[in-house]
Amino acid sequence: MVTAYSATGNVNLAREVFGGTPKGMRDTVFYNAMITAHSHDNDGNAAIRLFCEMQRDGFRPDNFTFTSVISAVGLVAESEKHCQQLHCVVVKSGTGFVTSVLNALVSAYVKVALSPLVALPKCAKLDDARLVFNKMRVKDLVSWNAMLSSYVNSGRMNEAKEIFQEMPEKNLLTWAVMIAGLAQNGLGEESLKLFNLMKLQGFQPCDYAFAGAITSCAALGSLKSGRQLHSQLIRLGFECSLSAGNALITMYGRCGVVGDARNLFLTMSFVDSVSWNAMIAALGQHGHGVQAVELFEEMLKEGILPDRITFLTVLSACSHAGLVEEGHRYFDAMHDIYGITPGEDHYARMVDLLCRAGKFSDANDMIGKMPFQPGPQIWEAFLAGCRNHGNMELGIQAAERLFEMIPQNDGTYILLSNMYAAKGLWDNVSRVRKLMRDQGVKKEPACSWVEAENKFHVFMVDDTAHPEVNAVYSYLKQLVLEMRKLGYVPDTRFVLHDMESDQKEHAISTHSEKLAVAFGLLKLPRGATVRVFKNLRICGDCHNAIKYISKVVGREIVVRDGKRFHHFKDGECSCRNYW
DNA sequence: CTAGGGTTAG
């Protein structure tokens, strides 16, 4: 009965049945079932209390007891201590060689390593897990999968790949974990390759594997593969899967087609808070702040409780659409009505919102009100806002803080250098660049890509590697002539080096996003929307230039940069010049 | 009768 209630997620009923049973009528199995119920309910403390209680009542824990209670300690405070204690008890009890017990122990050490409740050293805990794993005499598939997901969850993909190779056998879960892991760690192409390999080896991908592959498409911007995966899902009858559906919402959003995301969201038969969050985020990233806020209000009306991620997405949506009032209201409601304590990330969104709107002193007040010291996220938001408004003094202050906190971050140097360059202060630009060199900081190379003729075409600045780059350059030249007639003047302030002005114009005309846009215009069907993706923020001159291009060619151009989407149409951009 | 790997949202 306890197990039945627990399996249906009804822990309270399970607890009632358990409590209503007199001690004389309980046995070890009965205790085990209740400990498991607590563990599945993520209530580690209750599981541990019951574990102690059964021993006081004179029952000796067996293999089942240990596996359950060990799997429950990961989420409680002091889990590290519990973990080691239980490890000792297990060894003393003589069950230290039982595979299932050790499997639970491996996962428990990993949970400790990943727990926000436990202080350093996290790596050491992960290596403890590996030690237990290495010493196991008999490893089964569960052991290998546990070790694999440990590395995946801690982002240690090289070790994960080794485990994946070494495993004597694999099941659906193995593939799903690896595909999702590669997707989340920025290895989308490898993830999609693995998804295909999985099918070649005779496995029918489960919806988790699909979700991972779809996430890769979202990161890469591969609308074509994403749509293919969507139709495969429908053919296989997975269209009700929440994880796959939610991944699809994100994929459509991140590939630039919010309308498709919305259609899917509206037709999904089951949705949860993740679906709502994903949909609100998609609207926000495209600058549809008002719609994002409306959807959020609808979510509340439907009685779905917002979580900390909901508020992160709502606050960003407000920020990108300049909804200052609403942002303030939701920030207060988060704590006052929904009892969620704002974290540094929430404050950072508020600072972003205020700075973007030019309200620097309000942003400073906000920082002053924080119950903790401002970290990098706060000053990054501040600096970006200063750059947008050309506020030199405050920008320099924010940059100084960032140099102290994260000297290796290339973004700080670039933002500051851009700010000086915009004012023509070339001495300062070269000073920042020297500082960057002295610190050994390398700028992440900018690249843009576009999907055409069934594959991705990647362009770097001043690209010479792409086989059709000459056609791209001559088409761009032609475009610029037309653009100049409409009033386009290249804005060479966005060139970081000081050089002769004709050189500057050349440098700026070969930025990767311009090349990718031109290539898309050449290769995609006449009139089709061009969707370009860039790893970093879009450059100011490119932003201006693409506005003109959209007017000259009479087509819609969508650019996803590192921060958000820009929809260019008829010479205007949806971001209203804030990015 | 009871146990040990996973997913999607920022």
Side-chain angles (χ1 to χ4, degrees), chain A residues 1-4 6-7 27-37 39-40 61-72 74 95 98-108 110-111 133 136 139-153 163 167 170-181 183-184 205-215 218 238 241-251 253-254 261 265 268 271-282 284-285 306-317 343 345-346 348-349 377:
Chain A
M1 190 63 94
V2 168
T3 311
S6 157
D27 63 359
T28 305
V29 173
F30 197 55
Y31 278 99
N32 289 350
M34 193 61 224
I35 290 173
T36 308
S39 157
H40 288 175
D62 63 5
N63 296 344
F64 291 98
T65 323
F66 282 126
T67 26
S68 303
V69 76
I70 289 172
S71 82
T95 54
V98 177
T99 302
S100 64
V101 174
L102 292 174
N103 288 344
L105 199 56
V106 169
S107 321
V110 175
K111 282 183 203 152
F133 177 80
M136 286 174 71
K139 298 184 182 80
D140 62 9
L141 190 50
V142 177
S143 327
W144 285 95
N145 280 341
M147 206 57 234
L148 178 72
S149 47
S150 314
Y151 283 130
V152 165
N153 289 333
I163 292 280
M167 297 176 68
K170 299 174 175 59
N171 63 1
L172 280 178
L173 193 143
T174 317
W175 290 94
V177 166
M178 198 61 194
I179 290 166
Q184 284 188 325
C206 56
D207 62 336
Y208 289 130
F210 268 101
I214 293 166
T215 302
F238 280 141
S241 159
L242 258 181
S243 33
N246 292 343
L248 281 171
I249 294 176
T250 307
M251 186 276 292
R254 301 252 296 142
F265 177 73
M268 275 167 71
V271 288
D272 62 0
S273 64
V274 175
S275 327
W276 287 89
N277 290 350
M279 194 59 232
I280 294 169
Q285 285 159 1
D307 57 18
R308 41 181 308 110
I309 291 174
T310 316
F311 283 104
L312 283 177
T313 62
V314 170
L315 292 177
S316 320
D345 36 7
H346 294 102
R349 303 295 158 114
Q377 292 187 54

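Lettering of chains follows the sequences in order, A, B, ..., and the numbering in each one begins at 1.
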### Task
Assign Asp307(A) to base, sugar-phosphate, or nothing according to its heavy-atom contacts below 4.0 angstrom with the strands shown.
base

### Task
With rounding to the nearest 0.5 Å, note down the distance linking OG1 in Thr313(A) to CG in Asp307(A).
8.5 Å

### Distance in angstrom units between Phe66(A) CZ and dT2(B) C1', rounded
15 Å

### Rounded distance in Å - CG (Asp62(A)) to P (dG4(B))
13 Å

### Task
Whole angstrom is fine here: how far is it from CZ in Arg254(A) over to C1' in dT8(B)?
14 Å

### Query
Quick one: is dT7(B) close enough that its OP1 or OP2 comes under 4.0 Å of any side-chain N or O from Asn153(A)?
yes

### Query
On a plain distance test, is the side chain of Ser243(A) in donor-acceptor contact with the base of dT7(B) below 3.5 Å?
yes

### Task
Output the single nucleotide from dT8(B), dG10(B), dT2(B) whose closest atom is nearest the side chain of Thr215(A).
dT8(B)

### Query
For the side chain of Gln285(A), counting heavy atoms from C-beta on, which of dG6(B), dA9(B), dG10(B) is nearest?
dG10(B)

### Query
When you measure from the side chain of Ser71(A), which nucleotide among dG4(B), dT8(B), dG6(B) comes out closest?
dG4(B)

### Query
So which heavy atom on Ala146(A) is nearest to which on Ser149(A), and how close?
O-OG, 3.2 Å

### Summary
To the nearest 0.5 Å, atom CG of Asp140(A) lies from atom OG1 of Thr99(A) at 5.5 Å

### Query
Can you list the residues that meet the ring-ring contact (aromatic ring centres under 6.0 Å, His included) rule with Tyr151(A), with sequence neighbours excluded?
none

### Query
What nucleotide among dG6(B), dT8(B), dG4(B) has an atom nearest to a side-chain atom of Asp140(A)?
dG4(B)

### Message
What verdict does the side-chain hydrogen bond (donor to acceptor under 3.5 Å, both in side chains) test give for Asp272(A) and Asn246(A), after you've listed the backbone C-alpha separation in whole Å, the side-chain angles of each residue and the deciding distance to 0.1 Å?
### Response
CA-CA 9 Å; Asp272(A) 62 0; Asn246(A) 292 343; 3.3 Å; yes

### Query
Nearest to the side chain of Val274(A), which nucleotide is it out of dT8(B), dG4(B), dG10(B)?
dT8(B)

### Summary
Per atom distances to the Ala180(A) side chain, the nearest of dA9(B), dT8(B), dG4(B) is dT8(B)

### Side-chain donor-acceptor pair present, Thr174(A), Asn171(A), cut-off under 3.5 Å
yes

### Task
Scan Arg349(A) against the nucleic acid and name what it touches under 4.0 Å (heavy atoms): base, sugar-phosphate only, or nothing.
sugar-phosphate

### Task
Calculate the interatomic distance between Asn277(A) atom CG and dG10(B) atom P; express it in whole Å.
8 Å

### Task
Scan Gln184(A) against the nucleic acid and name what it touches under 4.0 Å (heavy atoms): base, sugar-phosphate only, or nothing.
sugar-phosphate

### Query
Over how many whole Å does the gap from Leu242(A) atom CG to dG6(B) atom C1' extend?
15 Å

#### Entry: Short side-chain N/O contact to dT2(B) OP1/OP2 from His40(A), under 4.0 Å
no

### Query
Where does dG6(B) land, syn or anti, once you apply the within-90°-of-0 test for syn?
anti

### Query
Out of dC1(B), dG4(B), dT8(B), which has the shortest distance to the side chain of Ser100(A)?
dG4(B)

### Message
Regarding Asp272(A), tell me which of base, sugar-phosphate or nothing describes its non-hydrogen contacts under 4.0 Å with the strands shown.
### Response
nothing

#### Entry: Rounded distance in Å - NZ (Lys111(A)) to C1' (dG5(B))
10 Å

#### Entry: Atom-to-atom span, CD1 of Ile214(A) to P of dT8(B) - whole angstrom
11 Å

## Note on the structure
Smallest heavy-atom separation, Phe133(A) atom then Lys139(A) atom, equals O-CE, 3.1 Å

### Query
Nearest of dA9(B), dT2(B), dG4(B) to any side-chain atom of Phe64(A)?
dT2(B)

### Message
Given dG4(B), dC1(B), dG10(B), identify the nucleotide with an atom nearest to the side chain of Ala104(A).
### Response
dG4(B)

### Message
Applying a 4.0 Å non-hydrogen cut-off, can you work out what Ser143(A) is touching in the nucleic acid: base, sugar-phosphate, or nothing?
### Response
nothing

### Query
Between dG4(B), dG6(B), dA3(B), which nucleotide gets closest to the side-chain atoms of Ser68(A)?
dA3(B)

### Query
Rounded to whole angstroms, how far apart are CG on Leu105(A) and P on dA3(B)?
19 Å

### Query
Taking atom types as they are modelled, is there a donor-acceptor pair under 3.5 Å from the base of dG6(B) to the side chain of Asn145(A)?
no

### Message
What's His346(A) touching, base or sugar-phosphate or nothing? Going by heavy atoms closer than 4.0 Å.
### Response
nothing

